[in-house]
Amino acid sequence: MTDEHMTGAEALVRSLLEAGAETVFGYPGGAILPVYDKLYDYADRLRHILVRHEQGAVHAAQGFARVSGRTGVVIVTSGPGAANVITGLSDAMADSTPLVVVTGQVGEQYLGSDAFQETDVVGITQPITKWAYQVRRAEDIPSAVARAFYIASTGRPGPVVLDIAKDAQIGTLRWHYDPVNFIRSYNPAPAVDREALEQAAEMINASRRPMLIAGQGVVISGAGDSLRRLAEKASIPVCSTLLGLSALPSDHPLMKGMLGMHGNLGPNVNTNRADVIVAVGMRFDDRVTGNTALYAPDAKIIHIDIDQSEFDKTVRSTVAVHADAREALDALLPLVADASRQDWIASFDRHNRVELDTVVDAELNRPSGSRLTMGEVISCVSEATGCEAVAVTDVGQNQMMSARYFRFTRPRSFITSGGLGTMGFGLPAAIGAKIAAPDREVCLFCGDGGFQMTIQELGTIMQYGVGVKMIILNNNFLGNVRQWQNLFYNRRFSQTPMLNPDFVAVSAAYGIAAEDVTDRAELKAAVGRMLADERPYLLNVQIDETDMVFPMTPSGSAVDHIFLAQGCLYNPDNH
């Protein structure tokens, strides 16, 4: 305890620094103004990024957190400012992203009176955060911040909200900060259950057709190398969820691709042929399982997860291991026997070759004179970066195509909105990702619809010179909705055609270099120019509006009920 006295606003800033924050994303307003006034004095130690909308602040903080592995920080004002972070909080909760979001609040004497810009922030955000807490006294700020960072970053990470009344910001306290590393009744690091691991190892050793599924928990816990060693020792093919991409390099011989609605043939078909599935850090999302009644009928399920509430929620496990992914995999490794399962591994490759010869070839090798496809643009950018870039996506066809055609060599390289599927996520998330990793190339793939949802964040890029490379896959449609209308709604394209602005002209207004790409012959050179420029750069690429994402497992179907093209159902027994 020191004799240094200060306001609550200054204590907040000092507490953020003590918690390890170096960058915050935010937008000022009346109820948070005392904090912003103190930020002025700490500008050399705590960098503030002024976004153009509070939703952009949360998504930027998400991109920052997902790439860096650190907790993202957001500061906004009360009322509409706080309400504008709701989408981002929901997104962060769904995708296990550690955030501390500070909202201003009216003075304590006005609480509950419908005062100007008063909103019940805690009531609104409790269902979509790990913890939401209102601070009414200055002396409570340091301990609240310490507690918030501990909760946000431990166990299954997620967002925390601190709603700070104006009284607490302008009141005074004697400065003292203690990090939090224990909260009664909160156990974020459960001990690995040895008996459960022994059961899991026995099942794996006895199996003939085991499969590893890498979820985002593998990325979060830094368990990619542990996963690789287990897969190599036991000769187990690895498949990935959408958010698990980049946990293992794309070219690793045991990495067989992505699962799910638009996943690869091998993983999806063999889900229903496997006799053991080891699911690590994933929650059996409906886009991965399809119809759960028809999911993996022959498989025993080993589920490893830090969040106990995920066990048996949608798919019943045979063995549940409540633990951190890396700790569990490291402890499992010596219990698993060396094995060779070459025939089983080869079966993945046989299915994936069919996909390469049909779907991938059709996407990447269109005849001359035809319009560009999403896959060939993404593949071109991936190759031009040496597959070393961070790929950030918005939501829709651009997202699924990026997951399918971008290649990864390093972890924390694929940033997208998974559980919530938030259009508008991509642009601000790419800003945060680039700020977190200034030495890495950050490439954003966005549809023309999603890009316009947060297009104002071009102003943030302009102000701070954030060197994001933006690729708009522009088909003048809400492409993913159009695909469903095409397949399931008799081609009735209700409210999906879009009249778009001149994106190059819009970029020029923000001082951002940009160019249109309409012809296949222009693509490689344009990508080269974009990547050679250290500044932010935008390519507006005109895409064939009929381009669709295949393979596709229709919603509610079994995971191995897969269409290679419209009307073309895959028969795995013929291959």
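Numbering of residues begins at 1 and proceeds along the displayed sequence.
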Specify the closest pair of heavy atoms between [X] and [Y], including all atoms of both residues, with the distance to one decimal.
| X | Y | answer |
| --- | --- | --- |
| A430 | V468 | O-CG2, 3.5 Å |
| I170 | P34 | CG2-CG, 3.7 Å |
| S90 | L420 | CB-CD2, 3.7 Å |
| A82 | V121 | CB-CG2, 3.6 Å |
| Q216 | T241 | N-OG1, 4.1 Å |
| D178 | A146 | O-CB, 3.3 Å |

Check your understanding: Considering the options R287, Q399, M400, which one meets the side chain to side chain contact (heavy atoms under 4.5 Å, CB included) requirement together with H262?
Key ->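 Running side chain to side chain contact (heavy atoms under 4.5 Å, CB included) over R287, Q399, M400 with H262 returns exactly one hit, M400.
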Check your understanding: Hey, would you say the F414 and F406 ring centroids sit under 6.0 Å apart?
Key ->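 No, the ring of F414 stays outside the 6.0 Å limit from the ring of F406, centre to centre.
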If we count only N and O atoms by modelled type, under 3.5 Å, do the side chains of [X] and [Y] hold a donor and an acceptor together?
| X | Y | value |
| --- | --- | --- |
| Q55 | N84 | no |
| S15 | E18 | no |
| R440 | S413 | yes |
| Y186 | T154 | yes |
| D91 | Q62 | yes |

Would you say [X]'s side chain and [Y]'s backbone share a donor-acceptor pair under 3.5 angstrom?
| X | Y | value |
| --- | --- | --- |
| E457 | R52 | yes |
| Q308 | V321 | no |
| T454 | G56 | no |
| T314 | F284 | yes |
| K166 | G30 | yes |
| H322 | I306 | yes |
| Q169 | I164 | yes |
| H252 | T409 | no |
| D275 | A299 | no |
| K130 | I151 | yes |

All side-chain hydrogen bond (donor to acceptor under 3.5 Å, both in side chains) counterparts of [X], not counting sequence neighbours:
| X | answer |
| --- | --- |
| R228 | D225, E232 |
| D285 | R283 |
| Y464 | none |
| R136 | Q134 |

Indicate yes or no: at least one non-hydrogen side-chain atom of [X] is less than 4.5 angstrom from one of [Y].
| X | Y | value |
| --- | --- | --- |
| F149 | V73 | yes |
| V276 | I302 | yes |
| V280 | I213 | no |
| Q105 | D167 | no |
| M261 | S555 | yes |
| V74 | V100 | no |
| T289 | N291 | no |

Would you compute the distance between atom [atom1] of [X] and atom [atom2] of [Y] and round it to the nearest 0.5 angstrom?
| X | Y | atom1 | atom2 | value |
| --- | --- | --- | --- | --- |
| K256 | I236 | NZ | CD1 | 13.0 Å |
| I204 | M211 | CD1 | CE | 13.0 Å |
| S246 | M255 | OG | CE | 9.0 Å |
| T271 | L294 | OG1 | CG | 13.0 Å |

Review point. Mind checking whether W131 and Y133 have parallel, tilted or perpendicular rings, split at 30° and 60°?
Key: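 Judged by the thresholds at 30° and 60°, the geometry between W131 and Y133 is parallel.
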Review point. Taking it one step at a time, do F25 and H59 satisfy ring-ring contact (aromatic ring centres under 6.0 Å, His included)?
Key: CA-CA 9 Å; F25 303 87; H59 293 330; over 10 Å; no
Practice item. Check the pair D330 / R229 against salt bridge (Lys or Arg N to Asp or Glu O under 4.0 Å), numbers first and verdict last. Key: CA-CA 9 Å; D330 287 345; R229 287 187 285 118; 3.1 Å; yes
Check your understanding: When you look at CZ of R316, are more than 12 heavy atoms from neighbouring residues, nucleotides or ligands closer to it than 6.0 Å?
Key ->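 Not buried by this count: 12 neighbours or fewer within 6.0 Å.
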Point to revise | Full working for salt bridge (Lys or Arg N to Asp or Glu O under 4.0 Å) between E22 and R70 | key: CA-CA 10 Å; E22 296 174 355; R70 299 167 61 191; 3.7 Å; yes
Point to revise | Y42: partners by side chain to side chain contact (heavy atoms under 4.5 Å, CB included), with sequence neighbours left out | key: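 For Y42, the residues satisfying side chain to side chain contact (heavy atoms under 4.5 Å, CB included) (neighbours in sequence not counted) are E10, V13, R14, L17, R45.
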Exercise for review: Please collect all salt bridge (Lys or Arg N to Asp or Glu O under 4.0 Å) contacts where either partner lies in residues 294-309, sequence neighbours excluded, each pair once.
Suggested key: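 Every pair satisfying salt bridge (Lys or Arg N to Asp or Glu O under 4.0 Å) with a residue in residues 294-309: R156-D307.
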